[in-house]
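Below: the structure, in structure tokens.
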Amino acid sequence: MAKISYRVPIVEMQGDEMTRILWDWIKEILLEPYVDLKCEFYDLGLPMRDKTDDGVTAEAAAAIEKYGVGVKCATITPNAQRVEEYGLKKMWLSPNGTIRAYLDGTVFREPVLCDAIRPYIPSWTSPIVIARHAYGDVYKNSEIRVDGAACARLEVAYADGTVRKEKIADFAGAGVVQGIHNTDASIENFARSCFTYALDVKRDLWFATKDTISKTYDRRFKEIFAHMYECEYKDKFAAAGITYEYSLIDDSVARIVRSNGGMIWALKNYDGDVMSDMVATAFGSLAMMTSVLVSPKGAYEYEAAHGTVTRHYYRYRAGEITSTNPIATVFAWTGALRKRGEKDGVPALCAFADRLESACKATVNGGFITGDLKSLFVADGITPTVLDSRAFLQKIAERL
């Protein structure tokens, strides 16, 4: 049969370790037999980032803005151990952080739910969508290792020459100090994205920070959300039958755990990073969490919410066969293909993405799973079969 074609390229960003292996298998088994993939390719694997002094990441971010749709494989954010392992020039920044800072978007993360997979929190019967601010905080920080007795100060120099200083701490000995920032414009983009998304999907929106402790930084987030809601979205939310509420993040966590799910949970950058992993795992598997970055200019970048599955990669490299769950990475591709189809008016591409996602869920519900799902499988009358990664993808292809 003729392959489905489209005109405008998708920005494809290859990654690292086990997810890099899965990436190629997904294309080979599930995509290339049916879709004439038109991609602008960027290798964001750690060796290429080191070779290009991370220039390849900036080029990929610019390409996403240009073409409007990107799909990204999981990548390594190197620490000191990785610098030694890969012989790197330096500890390069997180590629996700670089791309998110360039696009200044919001990351929406939602678990893939299958009838046969029981969440660790049984009351969670509806998905919880994490709306994660994708700019600033610790992902665009400045850090200094304090070597001895010192005074650390925060200084802001204005364009008119005015300087404002605040003491951070007096160090009697060695320690560390960190500076983080955000902008009103980025916070406003974040808030607008959250309100708009909530109206689109008609779900309640919760926003949580810790403004009782961070009385300037976190409070600014709270103020911007509150002002925008009152001035622009309150009546729209009432008409849609949904609500917006703010709470402290510790209170919000407790209420989320006791809830039935179904809400959008808006969080600052680091909070969203941590809580999206918690939510994904509690729903069944971190490997079944979708993630899309939406920029204010309408660009979309899809990826899996998990890392590069290092432990499985070392086993794979040693010749072992692993049972790594590829569903989140498959859904990154389906999200990108669907959005490309929507933007370019190619309904066949959207329909293919829908069918591939349905085939993934039907495969799991039919009892063919990866090892991470074995203890959570609950379908009556079915004894699940644990498959290795490639066999699992082939089983999805049969359903497709």
Side-chain angles (χ1 to χ4, degrees), residues 3-4 6 10-37 39 41 69-75 107-117 127 276 280 283-293 300-309 312-313 316 322-342 348-373 386-400:
K3 294 184 180 182
I4 302 167
Y6 55 94
I10 291 172
V11 179
E12 177 188 354
M13 293 159 281
Q14 179 64 291
D16 290 299
E17 298 190 317
M18 198 64 214
T19 47
R20 188 180 183 99
I21 306 301
L22 295 175
W23 191 267
D24 290 339
W25 288 348
I26 289 167
K27 290 174 63 178
E28 173 198 344
I29 298 170
L30 297 178
L31 303 180
E32 290 173 340
Y34 312 102
V35 180
D36 182 14
L37 291 177
C39 297
F41 179 82
V69 179
V71 59
K72 180 182 171 294
C73 182
T75 48
V107 176
F108 293 98
R109 289 182 167 172
E110 182 171 353
V112 177
L113 302 188
C114 294
D115 294 338
I117 301 302
S276 66
F283 268 110
S285 174
L286 188 56
M288 294 178 68
M289 185 76 153
T290 65
S291 181
V292 57
L293 171 68
Y300 294 75
E301 183 231 14
Y302 296 83
E303 61 178 334
H306 58 73
T308 57
V309 202
H312 284 199
Y313 178 63
Y316 170 83
T322 67
S323 184
T324 315
N325 190 332
I327 285 181
T329 305
V330 174
F331 273 59
W333 271 105
T334 56
L337 291 169
R338 183 185 296 106
K339 184 55 64 176
R340 185 79 281 160
E342 291 173 359
L349 199 57
C350 301
F352 172 78
D354 292 343
R355 284 195 289 269
L356 180 49
E357 291 182 0
S358 294
C360 290
K361 294 180 180 181
T363 300
V364 171
N365 289 332
F368 298 98
I369 60 174
T370 47
D372 57 316
L373 302 178
V386 175
L387 302 173
D388 65 73
S389 305
R390 189 173 177 89
F392 181 69
L393 290 170
Q394 290 167 335
K395 186 60 69 171
I396 294 172
E398 293 177 14
R399 294 275 184 173
L400 180 61

Does a side-chain heavy-atom distance below 4.5 Å link [X] with [Y]?
| X | Y | result |
| --- | --- | --- |
| Glu12 | Lys27 | yes |
| Met18 | Thr322 | yes |
| Glu301 | Val71 | no |
| Glu110 | Pro127 | yes |

Report task. Could you please spell out the steps behind the side-chain contact (heavy atoms from CB on, under 4.5 Å) verdict for Leu393 and Val330? Result -> CA-CA 9 Å; Leu393 290 170; Val330 174; 4.2 Å; yes

Nearest heavy-atom neighbours spanning [X] and [Y]:
| X | Y | result |
| --- | --- | --- |
| Leu373 | Ile117 | CB-CD1, 4.0 Å |
| Ala332 | Tyr302 | O-CB, 3.3 Å |
| Cys73 | Gly15 | CB-N, 3.3 Å |
| Leu400 | Ala359 | N-CB, 3.8 Å |
| Ala336 | Val69 | O-CG1, 3.5 Å |
| Cys39 | Tyr6 | SG-OH, 4.1 Å |

Side-chain ([X]) to main-chain ([Y]) donor-acceptor, under 3.5 angstrom:
| X | Y | answer |
| --- | --- | --- |
| Ser323 | Gly371 | yes |
| Asn365 | Asp115 | yes |
| Thr308 | Thr75 | no |

Report task. Under the side-chain contact (heavy atoms from CB on, under 4.5 Å) rule, collect the residues that match up with Thr363, sequence neighbours excluded. Result ->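 With neighbours one apart ignored, the set is Phe368, Phe392, Lys395, Ile396, Arg399.
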
**Report entry** Inter-residue atom distance Glu303.CD - Trp333.CH2, 0.5 Å rounding
**Finding:**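 If we round to the nearest 0.5 Å, Glu303:CD and Trp333:CH2 are 13.5 Å apart.
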
Query raised in the report: When the ring planes of Trp25 and Tyr316 are compared, do they come out parallel, tilted or perpendicular, using 30° and 60° as the limits?
Result: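 Ring orientation, 0 to 90° scale: perpendicular.
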
**Report entry** Candidate pair Ser285 and Asp372, rule side chain to side chain donor-acceptor pair (under 3.5 Å), full reasoning
**Finding:** CA-CA 7 Å; Ser285 174; Asp372 57 316; 2.5 Å; yes

Query - Residue pairs involving residues 325-340 (criterion salt bridge (Lys or Arg N to Asp or Glu O under 4.0 Å); sequence neighbours excluded) - result: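 Found Arg338-Asp354, Arg338-Glu357, Lys339-Glu342, Arg340-Asp344.
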
Query - Residues which pass salt bridge (charged side-chain N to carboxylate O under 4.0 Å, His left out) with Glu28, listed by chain and number, not counting sequence neighbours - result: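 With neighbours one apart ignored, the set is Arg390.
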
